[in-house]
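First up is the structure itself, then whatever we jot down about it.
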Amino acid sequence: MLQVSQRTQRIIASPIRKFLPLVLEAEKKGVKVIKLNVGDPDIEPPMQFWRMLKNYKSKNLPYAPSPGILEHTLAWVKYYSDFGVKLQANQIIPTVGCAEAILLAIMAVTDHGDELIVFEPLYSSYKGIAEMCGVKLVPVTLKVENNFSLPSSEEIEKKISKKTKAIVVINPNNPTGTILTFKEINLICAIAKKYNIFIISDETYREIVFEGEPFTFLKMKNFADNVIVVDSVSKRFSCPGARIGCIASYNQEVMSSVLKIAQVRLSAPTLEQYALVPLLKNSKPYTKKIVQEYKKRRDVVFERLSKMPKVVCRRPQGAFYIIVKLPVDDSDSFINFLLKTFRHNKKTLLITPARDFYISRNLGKSEVRIAYVLKTEELKEAMQILRLALQEYKN
Ligand SMILES: Cc1ncc(COP(=O)(O)O)c(C=O)c1O
C-alpha cells in the first residue's frame, strides 16, 4: 500500500482554517459570517507597493539571488537603522514570509531530536514547523489570569536540557497580544547566555504596539551572537500575500548556515522584493497610521468583552489578537454552534479555538482567539453576536 509520511500525519490541521467547510455551508444558505479567525488585515497596503509593481520594466522575471536582491536587502538595513540597529547586508537574508524565516532559523540551529523552549499558547505554525524539522517543542505555560507574564527564571530553566538549542519568543505576541517587559527581555537574554542557547525572536508585529516603543532583540548587543530575528512585512505593511520576510543575525556562523539552506530553496519572490524597497526605507508613516487603527479596534473589542459575564481576558498591548476564556466547556463545540445554529440578523461569527495554540494537552479548552482585523463597526456587531450567542448557548 502507498503510504505518506508519519511526519505529515503528526501535523494537525490549522486551527485557524479548520472550520472552512461549515463557513461555506452557512454562506450557501445566505448567512453572513463575520470572520475574526485569521490574522489577515482588511487594511490596504501602501500605494507605493502597487506603484512599484506596476513600474516593473523588465520582460523577464528572473530568480532573485539567494541572499536577496541587494537593493532589497539594503532597504532592510535602512529599515532596521530607523530602530537604532546597525546591520550589514550580509546579516540579513530575505525569506518567503516569516513562516519560511522560522523554518530556516530552526533548521540552521537544530538537528533531529533537539529541543526548543517555547511559551504557550503560541502561534500554531511553530508546531507544524517543529514536526517538519523533527524538533521537540518544550512548553512553558502562561495563563490569561496572569496576563500571560513569564514565570521566574527557575521555572523556565527547569525546562532546559542538553538538547535545548534555542528559546523562542514572539513579541508582540500572537495569539496573546502581550508585549515582553524589559525585565522579561533581560531574563530571556540571561538564560540564553547562561545555557549557551539561541534566542529566536519572532518580531512579525514589531510596530504594532499600543503603549511604548517598538523593540527588537537586535538591540541587545551584549547578546548579539545568541539573537536570531525572524521578521515579516506581512502585518506591518498589510501585505501578507507579498510573501516577504527575513532572517537577521549578527552571528556569522548562523547566517552562513541559513544561506546554505536559502540556496537550496533558491530565493524569495523577485517582484515583491523590488516593490517593498521604498516602504522598507521609510516605514514609519504607514505603520504609525495602522497602529492607530488597530488601537481603536482593540478598544472596541476589549471594552465589550470585559463587560460580558464570566468572560476572562486582559487588555492586549500589541499585535491584533486577544485570547479570551469563555464560560463554555469546549470552545470547538461553541464555534460549531455559532456556525451551524446561531443567527443574529442572518449573521454569525467565526473565531479560533485556542486549544491548538497549546502544546500541553487539555489546556485552552474553553479559550478562543479573536483577531480584530475588521473595521470597528463590524467588530461592534461581532461582539454583540458573541454576547447573544453565549447567552443562547448556555440555555
Ligand atoms: C507570530 C507570527 N509569526 C509568523 C507569521 C507568519 O507570517 P508571514 O506571513 O510573514 O509568513 C505569523 C502570521 O500570522 C505570525 O503571527
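Whatever order the structure lists ligands and atoms in, that order sets their numbers, starting from 1.
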Original post:
Salt bridge check: are K165 and D114 linked by an N-O gap of less than 4.0 Å?
Top reply: yes

Original post:
To the nearest 0.1 Å, how far is atom 3 (N) of ligand 1 from its closest protein heavy atom, and which atom is that?
Top reply: D202 OD2, 2.6 Å

**OP:** Using distance alone, with no hydrogens and no angle criterion, decide if R369 and N174 have a side-chain donor and acceptor under 3.5 Å apart.
**Re:** yes

Original post:
Considering distance alone, does some N or O of I244 sit under 3.5 Å from an N or O of ligand 1?
Top reply: no

**OP:** Return yes when K235 approaches ligand 1 closer than 4.0 angstrom through a heavy atom, no otherwise.
**Re:** yes

Subject >> Atoms in ligand 1 with a heavy atom of T204 nearer than 4.0 Å >> reply: 2 (C), 3 (N), 4 (C)

Original post:
If you count the atoms of ligand 1 from 1 in the order shown, which ones are under 4.0 Å from a heavy atom of R243?
Top reply: 8 (P), 9 (O), 11 (O)

Original post:
Considering only protein heavy atoms, which is closest to atom 13 (C) of ligand 1, and at what distance to one decimal place?
Top reply: Y123 OH, 3.3 Å

Original post:
Between atom OG of S201 and atom CD1 of I185, what is the distance when rounded to the nearest 0.5 Å?
Top reply: 8.5 Å

Original post:
Hey, are R236 and E207 close enough for a salt bridge, meaning a charged N less than 4.0 Å from a carboxylate O?
Top reply: yes

Original post:
Could E203 and K235 be called an ion pair, given the rule that one side-chain N must be under 4.0 Å from one carboxylate O?
Top reply: no

Original post:
Should you measure from each heavy atom of A99, which atoms of ligand 1 turn up under 4.0 Å away?
Top reply: 6 (C), 8 (P), 11 (O)

Original post:
Does one hydrophobic cluster hold both V229 and V209, with members joined at side-chain heavy-atom distances below 4.5 Å?
Top reply: no

Original post:
Is there any N or O on S232 that sits under 3.5 Å from an N or O of ligand 1?
Top reply: yes

Original post:
Counting N and O atoms only, with roles assigned by atom type, does the side chain of E100 sit under 3.5 Å from a partner on the main chain of A268, one being a donor and the other an acceptor?
Top reply: no

Subject >> Numbering as shown, the atoms of ligand 1 that approach I170 to under 4.0 Å (heavy-atom distance) >> reply: 1 (C)

**OP:** Using heavy-atom distances, let me know which of A371, C98, A101, S125 sits nearest atom 7 (O) of ligand 1.
**Re:** C98

Subject >> Sub-4.0 Å atoms of ligand 1 with respect to non-hydrogen atoms of S234 >> reply: 8 (P), 9 (O), 10 (O)

Subject >> Non-hydrogen atoms of Q91 and K86 that approach each other most closely >> reply: OE1-O, 4.5 Å

Subject >> Atom indices of ligand 1 within 4.0 angstrom of G97 heavy atoms, with elements >> reply: 10 (O), 11 (O)

